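Keep in mind that what you see is a predicted model, and the values were worked out from it rather than measured. Below, chains carry the letters A, B, ... as their sequence lines are ordered, and counting in each starts from 1.
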There are 2 protein chains.
Amino acid sequence: MKEVFAILEAHNLSRTPCRMEMIKVLQEANSAVSEQLIKEKLGNSFDRTTIYRTLKSFSSQDVIHSITLEGGEVRYALTPLKQRRINHDHIHFHCSGCNNVFCIPEPKIQMPELPSGFLAKNFDLLIEGLCKTCNT
Amino acid sequence: MKEVFAILEAHNLSRTPCRMEMIKVLQEANSAVSEQLIKEKLGNSFDRTTIYRTLKSFSSQDVIHSITLEGGEVRYALTPLKQRRINHDHIHFHCSGCNNVFCIPEPKIQMPELPSGFLAKNFDLLIEGLCKTCNT
DNA sequence: ATACAAATGCAACAATGTTGCAAAATTACG
DNA sequence: CGTAATTTTGCAACATTGTTGCATTTGTAT
Ligand SMILES: [Mn+2]
Ligand SMILES: [Mn+2]
Ligand SMILES: [Zn+2]
Ligand SMILES: [Zn+2]
């Protein structure tokens, strides 16, 4: 709870119920969550618009980052403290069993050498497979 | 034109105007194209529904594959002949200058070693940067 | 040429996300 | 603490992307 305040304060975001509860939902989730799930977890007590706007505020402050799955579905996850305000280039893993999406901080991927002429700035690596729980 | 027939025949797809013209559009594009652009290139002469259904047919036969960008926008590209019916794991490059999306067949990426418990099946690597034309 | 199967257009719908505007809540300040 | 300025919120309207059911048209095989 104290951490929630700290996060908001550190990013110059005012303390509103929606923001505080959304951060709690994101903290408690052990997977990246969709807007729809956030809304449900909050008991549908906030308007969709508000949630989208809050997600935008959080994203622009690097409090969260988003992961777009192959079908276009977007999930949101808290950005690990150490990665805020710097690059948050880490792998994402989508489990086809439980449908959860995990941030995988290690290993760090090095940018592959592209054909000449291409200048790489950034990358997204999304791996699909089975997670620890679903893999047996 | 002969190739268009060959592609359709090889995948048991009947020769319809929409299919033939869509393959031509995909061949002529030097970038992955969106449904919207396909529709425009065809002079808006086909219904959106038909285009989506054709994209589905093509995808399920590996004639094309789709690339989902970070914002959720989906682009479609012909699958290189050699990769049809096998894995088509290659890199995609999104140029932030011209907004084009390119299939980059080389280098082949090897799957990174994940934390124990994760079983990787498949991956998507999307690199963002500047292409040959936009880079200078 | 006919007959059957498949593709198409249209209308309706769902999901996701955005915008304008008025009301409500936060924050800043005296 | 009380008030004013600033933000955030809810609501309605809208845009875009994609899907489905159904009747009609087209393609293919005989
Ligand atoms: Mn992540
Ligand atoms: Mn490709
Ligand atoms: Zn799982
Ligand atoms: Zn470019």
Applying side chain to side chain contact (heavy atoms under 4.5 Å, CB included), run through A/Ile51 and A/Asp47 and close with a yes or a no. CA-CA 7 Å; A/Ile51 294 177; A/Asp47 193 80; over 6 Å; no
Might you work through the side chain to side chain donor-acceptor pair (under 3.5 Å) test for A/Ser96 and A/Glu128, ending with a clear yes or no? CA-CA 7 Å; A/Ser96 49; A/Glu128 177 266 327; 3.1 Å; yes
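For the pair A/Val63 and A/Thr79, the minimum side-chain heavy-atom distance is 4.5 Å or more.
Distance B/Asn12 CG to D/dG27 P: 18 Å, rounded to the nearest Å. Across the protein-nucleic acid pair, A/Met20 atom CE and D/dT9 atom C1' stand 14 Å apart, rounded to whole Å. The nearest whole Å value for the distance from the CD atom in A/Glu21 to the P atom in D/dT9 is 11 Å.
One finds a side-chain N or O of A/Arg19 lying less than 4.0 angstrom from the OP1 or OP2 phosphate oxygen of D/dT8. Residue B/Lys56 has a polar side-chain atom (N or O) positioned under 4.0 Å from OP1 or OP2 of D/dT19.
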Reading nucleotides 23-30 of chain C from 5' to 3' and marking B where a protein heavy atom lies under 4.0 Å of the base, S where only the sugar-phosphate is that close, and - otherwise, the string is ---SS---
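In summary, the side chains of B/Asn99 and B/His94 do present a donor paired with an acceptor at a separation below 3.5 Å, with no hydrogens or angles considered.
Note on B/Thr54: only backbone sugar-phosphate atoms sit closer than 4.0 angstrom, heavy atoms only; bases stay farther off.
Between the base of C/dG17 and the side chain of A/Arg53 there is no donor-acceptor pair shorter than 3.5 Å.
Looking at residues 25-52 of chain A, you'll see A/Gln36, A/Arg48, A/Thr49, A/Tyr52 sit with a heavy atom under 4.0 Å from some atom of DNA chain C.
A/Gln36 is linked by a side chain to side chain contact (heavy atoms under 4.5 Å, CB included) to A/Ser34, A/Glu40, counting only residues two or more places apart in sequence or in another chain.
Under the 30°/60° scheme for interplanar angles, the aromatic rings of B/Phe102 and B/Phe93 are found to be tilted.
Closest of all the heavy-atom pairs between B/Leu8 and B/Ser14 is CD1-O, 4.1 Å.
Between A/Glu28 and A/Lys41 there is no salt bridge, since none of the side-chain N atoms of the basic residue sits less than 4.0 Å from a carboxylate O of the acidic one.
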